[in-house]
Amino acid sequence: MENQDINPKEFYVSEQYGFILQDPLEKLPEYYKPWMTIAGDLCNLIKNKQIREAVRQMPELSLKYLSGHREQRLARLILGHIVMGYVWQDGEQGAVKVLPRCLAVPYFTLSEVLGMPPILVHADLVLANWRRKNPHGPLTMENLTTIVSLPGGDSLQGFALVTLMVEVAAIPGVQAVCQAVNSLVCQDEPRLLQALKDLTESINRMSDALKLMHDYVDSDIFYNTIRLFLSGWKDNPSMPEGLRYEGVAETPFSFSGGSAAQSSVFQAFDELLGIKHRSDSADFLLRMREYMPPAHRHFVERIGKAPSLPGYVQESGDPELLSAFNECVLSLTDFRSLHIRIVCKYVSAAGNRSKMLGKMEQHLHERGTGGSNIMSFLKNVRGTCKEGVLNNDTQEDC
């Protein structure tokens with residue numbers, strides 16, 4: 001346990017943007033034009049089954065002309081999208097076993113520099129893949145677009161940006177987590193009470209943001225197209241041996257695809273609220289931390305080392321503090337119930353329709369892009385979240 005104040009800036013977490021990469025770059029230096037050209041035409045190349053040939057014609061470029069963190073993140077975003085297009089161009093049954101050296105070496109090396117696995121993750125697709133249409137406008141769906149895209153059209157862009165909107169809504173919540181930890185350290189009960197109220201409000205706004213998925217993402221397009229291109233090569237029967245990165249190692253690697261579990265927001269909230277997930281779910285969530293930017297992973301770990309919030313609330317005997325804590329837990333439980341309903345629509349129901357039409361990608365049915373058995377995982381996580389309510393005086397609901 002650490003009895004020290006937490007300064008979010010030490011973990012590259014900002015008051016204005018939370019975990020989101022501030023003002024991502026849109027262009028790389030001219031030297032990287034081969035990457036930019038493919039990324040700019042990625043959807044057409046995939047549609048016309050030309051992405052693999054385009055990549056094989058690509059020169060192996062050095063990383064030495066990348067200057068600073070934001071250029072590195074843009075390069076990783078671009079290469080990550082190209083990798084997904086290369087692997088999944090021909091569908092689940094046509095996945096490749098080897099990534100060519102000209103793509104594998106720079107991508108693997110850059111990923112090592114940034115401390116993330118060489119596969120497209122939440123921090124790429126969502127946190128670093130946005131730009132304002134009006135540079136001076138707000139962070140809203142109407143004023144945002146993605147920098148790089150994969151097949152799925154407006155629904156793919158909607159999926160990435162709605163998920164970004166959830167992260168935007170979480171920004172005050174992340175600040176509230178820091179305030180709560182610092183209040184615990186100095187035992188400032190009024191400040192802690194306000195932090196818990198702020199956290200609940202933020203979580204409720206996150207739920208409102210997630211509901212936008214219904215307006216911006218078509219469930220059949222998500223199930224039949226988008227999900228495939230966000231899938232990984234771990235726990236995926238269509239790639240049982242994983243993917244070999246030519247020029248890196250002779251043996252293949254297995255990495256999970258994108259997952260909401262890779263968002264530092266939810267894991268930070270769980271750590272603060274003392275939510276203890278069951279072993280299988282906990283193991284998956286812990287593994288997903290390796291898919292976060294290292295500084296954000298360390299932030300989550302630091303929250304976990306703070307004094308126990310539920311312990312402090314119980315010992316205080318303050319009914320208002322107890323109520324505020326339980327409201328936080330219940331709001332997070334409600335968010336997870338909403339997430340389950342979204343998954344029912346976009347995976348279960350859409351998968352059943354696809355199955356009836358004979359279009360279903362068998363191995364991906366009922367599995368998340370991160371490789372988990374999605375419904376079982378989400379229900380387990382929701383269940384343990386609700387168990388975090390103190391005094392167990394809340395009636396069970398369905």
Side-chain angles (χ1 to χ4, degrees), residues 24 26-27 35-52 54-55 74 77-95 119-122 124-134 139-168 209-232 257-260 342-355 357-361 364-365 368-370:
E26 299 174 42
K27 292 184 179 180
W35 296 353
M36 294 289 294
T37 300
I38 292 177
D41 197 33
L42 193 58
C43 292
N44 281 329
L45 289 170
I46 294 170
K47 179 182 178 181
N48 296 321
K49 311 293 186 184
Q50 296 173 335
I51 179 68
R52 291 175 182 168
V55 167
L74 176 58
L77 173 69
I78 288 169
L79 292 176
H81 275 75
I82 295 173
V83 166
M84 296 312 238
Y86 188 93
V87 170
W88 298 116
Q89 170 187 276
D90 292 338
E92 181 189 28
Q93 302 303 326
I119 190 170
L120 194 71
V121 300
H122 176 84
D124 304 310
L125 179 72
V126 176
L127 302 182
N129 189 26
W130 63 276
R131 67 175 179 85
R132 290 180 173 91
K133 297 174 183 176
N134 174 357
L139 287 174
T140 60
M141 289 294 293
E142 296 75 19
N143 192 44
L144 292 172
T145 188
T146 52
I147 298 170
V148 193
S149 195
L150 284 162
D154 290 342
S155 286
L156 185 282
Q157 178 167 284
F159 176 76
L161 294 179
V162 168
T163 309
L164 179 69
M165 287 298 97
V166 175
E167 292 275 348
V168 170
L210 184 59
K211 291 173 186 174
L212 294 172
M213 202 70 74
H214 297 295
D215 300 323
Y216 287 93
V217 184
D218 179 277
S219 58
D220 292 319
I221 293 175
F222 176 82
Y223 184 84
N224 292 304
T225 302
I226 295 171
R227 206 164 55 105
L228 174 66
F229 284 96
L230 302 183
S231 295
S259 168
I342 294 280
V343 169
C344 280
K345 174 182 176 179
Y346 285 87
V347 177
S348 302
N352 288 333
R353 284 195 301 275
S354 184
K355 184 178 182 180
L357 293 171
K359 299 192 301 185
M360 183 180 69
E361 298 281 17
L364 286 176
H365 187 56
T369 52

Asker: Locate the shortest heavy-atom distance separating F222 from V217; write the atom from each residue and the value.
Answerer: CB-CG1, 4.0 Å
Asker: For the backbone of Q89 and the side chain of K49, can you confirm whether one donor and one acceptor N or O come within less than 3.5 Å of each other?
Answerer: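 Yes: the side chain of K49 pairs with the backbone of Q89.
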Asker: If we ignore hydrogens and angles and just use 3.5 Å, is the side chain of N134 paired with the main-chain N or O of N143 as donor and acceptor?
Answerer: no
Asker: Return the minimal non-hydrogen interatomic distance between A128 and P24, and the atom names on each side.
Answerer: O-CB, 3.7 Å
Asker: Would you call H81 and N129 a side-chain contact if the rule is heavy atoms closer than 4.5 Å?
Answerer: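 Of all side-chain heavy-atom pairs linking N129 with H81, at least one is under 4.5 Å.
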Asker: Do M213 and K345 come close enough that some side-chain heavy atom pair is under 4.5 Å?
Answerer: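 Answer no - side chains too far apart.
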Asker: Counting distance only, does the side-chain N/O of D124 pair as donor-acceptor with the main-chain N or O of L77 below 3.5 Å?
Answerer: no
Asker: Report the distance from atom CH2 of W130 to atom CD1 of I147, rounding to the nearest 0.5 Å.
Answerer: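 One finds 8.5 Å between CH2 of W130 and CD1 of I147.
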Asker: Consider side chain to side chain contact (heavy atoms under 4.5 Å, CB included). Of L156, L212, T146, which one does L161 pass it with?
Answerer: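 Considering L156, L212, T146, a side chain to side chain contact (heavy atoms under 4.5 Å, CB included) with L161 is found only for T146.
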Asker: What salt bridge (charged side-chain N to carboxylate O under 4.0 Å, His left out) pairs are there with at least one residue in residues 212-222, not counting sequence neighbours?
Answerer: D220-R353
Asker: How close do H122 and S259 get, heavy atom to heavy atom, and via which atoms?
Answerer: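 Looks like CB-O, 4.1 Å.
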Asker: Main chain of V87, side chain of R52: is a donor-acceptor contact present, judged purely on distance under 3.5 Å?
Answerer: yes
Asker: Answer with yes or no after comparing the ring centroid distance for Y223 and Y346 against a 6.0 Å cut-off, counting only values under it.
Answerer: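 Centroid distance Y223-Y346: not below 6.0 Å, so no.
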Asker: Check whether any side-chain heavy atom of I38 lies under 4.5 Å from a side-chain heavy atom of L42, and answer yes or no.
Answerer: yes
Asker: Quick one: do Y216 and F159 satisfy ring-ring contact (aromatic ring centres under 6.0 Å, His included)? Show the steps, please.
Answerer: CA-CA 7 Å; Y216 287 93; F159 176 76; over 10 Å; no
Asker: Test of understanding: with ring pair (Phe, Tyr, Trp, His ring centres under 6.0 Å), list the residues that count as partners of Y86, not counting sequence neighbours.
Answerer: none
Asker: Return the CG to OG distance between N224 and S155, rounded to the nearest 0.5 Å.
Answerer: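 Reported to 0.5 Å precision, the distance equals 11.5 Å.
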Asker: Of all the heavy-atom pairs spanning L120 and M84, show the shortest one and how long it is.
Answerer: CB-CG, 3.9 Å
Asker: Hey, which of T225, I46, I226, L228 is the one that makes side chain to side chain contact (heavy atoms under 4.5 Å, CB included) with L150?
Answerer: I46
Asker: I'd like to check L144 versus M165 (side-chain heavy atoms, cut-off strictly below 4.5 Å). Are they in contact?
Answerer: yes
Asker: Determine, stepwise, if the pair Q157 / S149 fulfils side chain to side chain donor-acceptor pair (under 3.5 Å).
Answerer: CA-CA 7 Å; Q157 178 167 284; S149 195; 6.0 Å; no
Asker: Begin with the C-alpha distance, continue with both residues' side-chain angles, and end with the deciding distance and a verdict on side-chain contact (heavy atoms from CB on, under 4.5 Å) for H214 and I342.
Answerer: CA-CA 8 Å; H214 297 295; I342 294 280; 3.5 Å; yes
Asker: With sequence neighbours excluded, what pairs up with W88 under the ring pair (Phe, Tyr, Trp, His ring centres under 6.0 Å) test?
Answerer: none
Asker: What I'd like to find out is whether the side chain of R132 reaches to under 4.5 Å of the side chain of L139, using heavy atoms alone.
Answerer: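 When only atoms from C-beta onward are counted, L139 and R132 do touch, with a gap below 4.5 Å.
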Asker: Give the minimum heavy-atom separation between P151 and C43, together with the two atoms involved.
Answerer: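 Smallest heavy-atom distance, with atoms named: N-SG, 3.7 Å.
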Asker: Show the nearest heavy-atom pair for residues K27 and M36, with the distance to one decimal.
Answerer: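 Looking at all heavy atoms of both residues, the closest pair is CA-CE, 3.7 Å.
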